[in-house]
Amino acid sequence: GKGESHTVPGSHHFSDEVYYVIEGKIIVEGENQETIQLEEGNVLYIEAGEVHWGKNPFQETVKCVFVLVPPDFPGCRAWMEEAMAAGNHN
């Protein structure tokens, strides 16, 4: 989005997160980190459990890739644990 769009403060309890900016600019803030402006080609690493949020006060669209390691979305953690317990490591 552009022009004051933002995400809700949150954290990923089990996953580290990496931001990669494909296009535009974004501001990333957090409870335990400084405010950072990311631009095209920049990467930011956020540790699991860190409360953070992003916002785009700029008049241009921002495109980012967010990577969660390990994945943290509903059902994924349970699926991964079941696969590991069953010996399916592929």
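We number each residue from 1, following the sequence as shown.
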With Ser15, which of Val67, Leu68, Val69 fulfils side-chain contact (heavy atoms from CB on, under 4.5 Å)?
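It is Leu68; the other options fail the test.
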Which is it for Ile46 and Val28 under the side-chain contact (heavy atoms from CB on, under 4.5 Å) test, yes or no, and what are the steps along the way?
CA-CA 10 Å; Ile46 300 172; Val28 180; 4.3 Å; yes
Mind listing the closest non-hydrogen atom pair of Tyr19 and Trp53 along with its distance?
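Closest approach of Tyr19 to Trp53, heavy atoms only: OH-C, 4.4 Å.
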Kindly give the heavy-atom pair with the smallest separation between Ile26 and Gly54, and that separation in Å.
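Of all heavy-atom pairs spanning Ile26 and Gly54, the closest is CD1-CA, 4.3 Å.
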Test side chain to side chain donor-acceptor pair (under 3.5 Å) applied to Asp16 - qualifying residues, sequence neighbours left out
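In terms of side chain to side chain donor-acceptor pair (under 3.5 Å), with neighbours along the sequence ignored, Asp16 is linked to Tyr45.
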Who pairs with Tyr20 by ring pair (Phe, Tyr, Trp, His ring centres under 6.0 Å), at least two apart in sequence or on another chain?
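Testing Tyr20 for ring pair (Phe, Tyr, Trp, His ring centres under 6.0 Å), a comparison that skips the adjacent residues, returns none.
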Among all residues two or more places apart in sequence or in another chain, which pass the side chain to side chain contact (heavy atoms under 4.5 Å, CB included) test with Gln37?
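For Gln37, the residues satisfying side chain to side chain contact (heavy atoms under 4.5 Å, CB included) (neighbours in sequence not counted) are Lys25, Ile27, Glu39, Phe58.
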Starting from the C-alpha separation in whole Å, work towards a yes-or-no answer on side-chain contact (heavy atoms from CB on, under 4.5 Å) for Val18 and Leu44.
CA-CA 6 Å; Val18 176; Leu44 176 66; over 6 Å; no
Write out all pairs satisfying salt bridge (Lys or Arg N to Asp or Glu O under 4.0 Å) with one or both partners inside residues 26-36, taking only residues at least two apart or from two chains.
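Sorted pair list: Glu29-Lys55.
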